[in-house]
Number of protein chains: 2
Amino acid sequence: MKQLPETASVNAQVLASLRAAVISGELAPGSLHSVQNLATQLGVSRTPVREALIKLAQQGMVRFERNRGVRILLTSLHDLEEVFALRLLLEPPAVRRATTRLDGNQRRELRRMFAHMEKAAKADDEFTMFEHDRRFHRVLLEASGNARLAAFVDGLRDMVLRRGVSTARESRSLDDIVAEHRAILDLIEAGDAEGAAKAMREHVRHTAELLIAQEAGADLGPGVVAVDIDLDWTGPARDQH
Amino acid sequence: MKQLPETASVNAQVLASLRAAVISGELAPGSLHSVQNLATQLGVSRTPVREALIKLAQQGMVRFERNRGVRILLTSLHDLEEVFALRLLLEPPAVRRATTRLDGNQRRELRRMFAHMEKAAKADDEFTMFEHDRRFHRVLLEASGNARLAAFVDGLRDMVLRRGVSTARESRSLDDIVAEHRAILDLIEAGDAEGAAKAMREHVRHTAELLIAQEAGADLGPGVVAVDIDLDWTGPARDQH
DNA sequence: GGGGCGAGAGTGGCATGCGACACGTCACCG
DNA sequence: CGGTGACGTGTCGCATGCCACTCTCGCCCC
């Protein structure tokens, strides 16, 4: 007989809680925490907490400091550059490939995610919006047929969320973001792999520029917007603008 | 299984031992092992073994099966395709970028690694050869300035080593491999970023074709060499040959 | 009063205890 | 003779014990 509620393992729950806490800033970047403390707060023992933290450490979100505690790492400007350089290298080719490989379910799922984004944007629901944004991208990445690529890029987004999600609206409305995704979706539906890849490229680049300019401004103080970082390694001496 | 040498956190040593054992095939792909057993063989307790295995599981080398043991995962043909598709997307741009960013130490280290490769090839020492091959690539990846990229690609190589290292010589001599690296090194030294990127592209593609053809042959039986897999997602409708 | 130092509290890392579950075995029943 | 179910063994997942080390802070000596 099959168990219906199938509760997730403690480890998975702890991992989700900790990841959410780090992303939300509830565990402040740069702060130190003890495994014992976290375990008590979560109502479990040290072991699953430690194991979840090991996974987060591998992803670069935290760092163990022996006999001191677990440090919540901050996402530096350089981290954002790394993440977006990688996304620029990987996502456009993934979309190019996904365009010709999407099956019916994936295509339907992609439409669903986009519809949810539109609805969330209308309702001004930022959280739901970014949640489906992420799933939209994930469907595309998985449709490329390369699971490692999909998992890696999806993991990179955690780094961005920590700095970006709550402030993104300062420079770009939710409707603009929806429009960029609509362009990608339309080109995919039309079977234009090149166009879709290019649209994705522009979307990622646009996001990167806004986020990095914004964060650089936050780091350097208001008024400083001179940011011209060399993100796009894609091709030979391509015009960066 | 190899006994642990000296100091340096038990965890790190266990991780190295287990990784080596998986790569060498000492822990056979598809086989099940208990944490207790592995711990005993390594002369440590279950905890560091379990923690090391968690890291390997995140990398996709093993999988925990509840109340059954730890499964050593096999590297399928599809896995090889994924790995090389990613390397083709990432390594050439990384080299393009590294060419203009190498500092003195890195340049010296690169030369050192290449010299070791030459020497090992002369001595027909396959193991040392591939060890320095890997470090050669790693220096380049790190010189690109993107630590995430470097760590990710370096991790991908584990998957390849497991199937490739002991059989690679069937289709390509050590001298050939050295020659491909020499081309890359020379172009870097000459400051030709485009050329170096192209040379790296050809090197990775060449390696991929040989390895995949070989493994496909092994999977499908001798005589089957018809392999034409779509690895290169780099650009628009590029001629694959 | 100032500076060095030592004891205590707190921590991560490793070892070990314990319970629930999966699977193979074998005796028992139809 | 075949199917079946209970039991024993082995395993992971989680909890807890233990140790060496670090850092803090207050006390003592100068």
Side-chain angles (χ1 to χ4, degrees), chain A residues 1-19 21-22 26-74, chain B residues 1-22 26-73:
Chain A
M1 173 127 20
K2 196 170 276 187
Q3 313 270 350
L4 289 181
E6 199 69 39
T7 71
S9 76
V10 176
N11 193 315
Q13 292 186 2
V14 168
L15 180 62
S17 295
L18 290 176
R19 168 172 280 134
V22 171
E26 190 179 336
L27 298 178
S31 59
L32 266 177
H33 303 268
S34 76
V35 174
Q36 176 67 71
N37 237 337
L38 294 171
T40 303
Q41 289 181 37
L42 291 170
V44 298
S45 82
R46 305 184 324 250
T47 304
V49 174
R50 177 171 168 81
E51 291 180 358
L53 286 170
I54 285 174
K55 294 178 184 174
L56 293 180
Q58 277 219 312
Q59 201 185 331
M61 292 181 75
V62 304
R63 181 181 60 206
F64 280 91
E65 300 188 2
R66 180 167 181 126
N67 298 330
R68 289 177 49 85
V70 178
R71 173 89 56 192
I72 312 299
L73 297 179
L74 50 84
Chain B
M1 184 161 325
K2 202 160 151 191
Q3 287 297 316
L4 307 174
E6 290 297 326
T7 55
S9 98
V10 178
N11 194 315
Q13 301 218 1
V14 169
L15 181 61
S17 294
L18 290 176
R19 169 172 280 135
V22 172
E26 192 177 336
L27 298 178
S31 59
L32 267 176
H33 303 268
S34 77
V35 174
Q36 177 66 71
N37 223 342
L38 295 171
T40 304
Q41 290 182 42
L42 291 169
V44 298
S45 81
R46 305 185 322 250
T47 306
V49 175
R50 177 170 168 82
E51 291 179 357
L53 286 170
I54 286 174
K55 293 178 185 174
L56 293 181
Q58 277 220 312
Q59 201 186 329
M61 293 181 74
V62 304
R63 181 182 60 205
F64 280 90
E65 300 188 1
R66 183 172 179 121
N67 298 331
R68 287 178 47 86
V70 179
R71 173 90 55 193
I72 312 298
L73 297 179

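Numbers restart at 1 for each chain; the letters A, B, ... are given by sequence-line order, proteins then strands.
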Asks: If you only use heavy atoms from C-beta on, which nucleotide in dC12(D), dC14(C), dC14(D) is closest to the side chain of Glu51(B)?
Replies: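 Side chain of Glu51(B) sits closest to dC14(C).
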Asks: Grab the CZ-C1' distance between Arg71(B) and dA22(C) for me, whole Å please.
Replies: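 Checked: the CZ to C1' distance equals 13 Å.
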Asks: CG of Leu32(A) versus C1' of dT24(D): gap in Å, rounded?
Replies: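 Rounding to the nearest Å, CG of Leu32(A) and C1' of dT24(D) are 14 Å apart.
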Asks: Can you figure out which of dC12(D), dC14(D), dG17(C) approaches the side chain of Ser9(A) most closely?
Replies: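 Of dC12(D), dC14(D), dG17(C), dC14(D) is nearest to the side chain of Ser9(A).
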Asks: Val35(B) or Arg66(A): which one's nearest nucleotide on DNA chain D is closer to the 5' end?
Replies: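 Going by which nucleotide is closer to the 5' end, it is Val35(B).
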Asks: To the nearest Å, give me how far apart CD (Gln36(B)) and P (dC18(C)) are.
Replies: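 From Gln36(B) CD to dC18(C) P: 15 Å.
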Asks: Phosphate oxygens OP1/OP2 of dG10(C): is one of them under 4.0 Å from a side-chain N or O of Arg68(A)?
Replies: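 The answer is no; no side-chain N or O of Arg68(A) sits under 4.0 Å from OP1 or OP2.
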Asks: Check for a donor-acceptor pair, side chain of Arg71(B) on one end and backbone N or O of Gly30(B) on the other, with a separation under 3.5 Å.
Replies: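 Side chain of Arg71(B) to backbone of Gly30(B): a pair is present.
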Asks: What's the closest nucleotide to the side chain of Ser45(A) if the choices are dT11(C), dC14(D), dC12(D)?
Replies: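 Of all the options, the side chain of Ser45(A) is nearest to dC14(D).
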Asks: Go nucleotide by nucleotide along DNA chain C from the 5' end; which of Arg46(B) and Asn37(A) gets its closest nucleotide reached first?
Replies: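 Its nearest nucleotide lies further toward 5', so the answer is Asn37(A).
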Asks: Between Glu51(B) and Arg50(A), is any pair of side-chain heavy atoms under 4.5 Å apart?
Replies: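 Side chain of Glu51(B) against side chain of Arg50(A), heavy atoms only: contact under 4.5 Å found.
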Asks: Would you kindly give the CD-to-C1' distance between Glu65(A) and dC21(D), to the nearest whole Å?
Replies: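 That distance rounds to 14 Å.
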Asks: A side-chain contact here means heavy atoms from C-beta on lying under 4.5 Å apart; do Leu42(B) and Leu18(B) qualify?
Replies: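 With C-beta onward as the side chain, the pair touches.
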Asks: Take the protein atom CG of Leu42(A) and the nucleotide atom C1' of dG13(D), then report the distance between them rounded to whole Å.
Replies: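 Nearest whole value for this atom pair: 17 Å.
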Asks: Nearest to the side chain of Arg50(B) - dC12(D), dA15(C), dG13(C)?
Replies: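 Taking heavy atoms from C-beta onward, the closest nucleotide is dC12(D).
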Asks: Does the side chain of Val70(B) reach to within under 4.5 Å of the side chain of Leu27(B), using non-hydrogen atoms?
Replies: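 The answer is no; the side chains never approach within 4.5 Å.
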Asks: Are side-chain heavy atoms of Asn11(B) and Lys55(B) found at a separation under 4.5 Å?
Replies: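 Yes, their side chains come closer than 4.5 Å.
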Asks: Nearest to the side chain of Phe64(B), heavy atoms from C-beta on, is which of dA15(D), dG13(D), dG12(C)?
Replies: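 Selected nucleotide (nearest to the side chain): dG13(D).
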Asks: Rounded to whole angstrom units, what separation is found between the CD1 atom of Ile54(A) and the P atom of dC14(C)?
Replies: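 Distance, rounded to whole Å: 9 Å.
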Asks: Which residue, Thr47(A) or Asn67(A), contacts DNA chain C at a nucleotide closer to its 5' end, judged by nearest heavy atom?
Replies: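 Per heavy-atom nearest nucleotide, the more 5' residue is Asn67(A).
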Asks: Distance check needed: dG10(D) P versus Leu38(B) CG, whole Å only.
Replies: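 The distance from CG of Leu38(B) to P of dG10(D) comes to 16 Å, rounded to the nearest Å.
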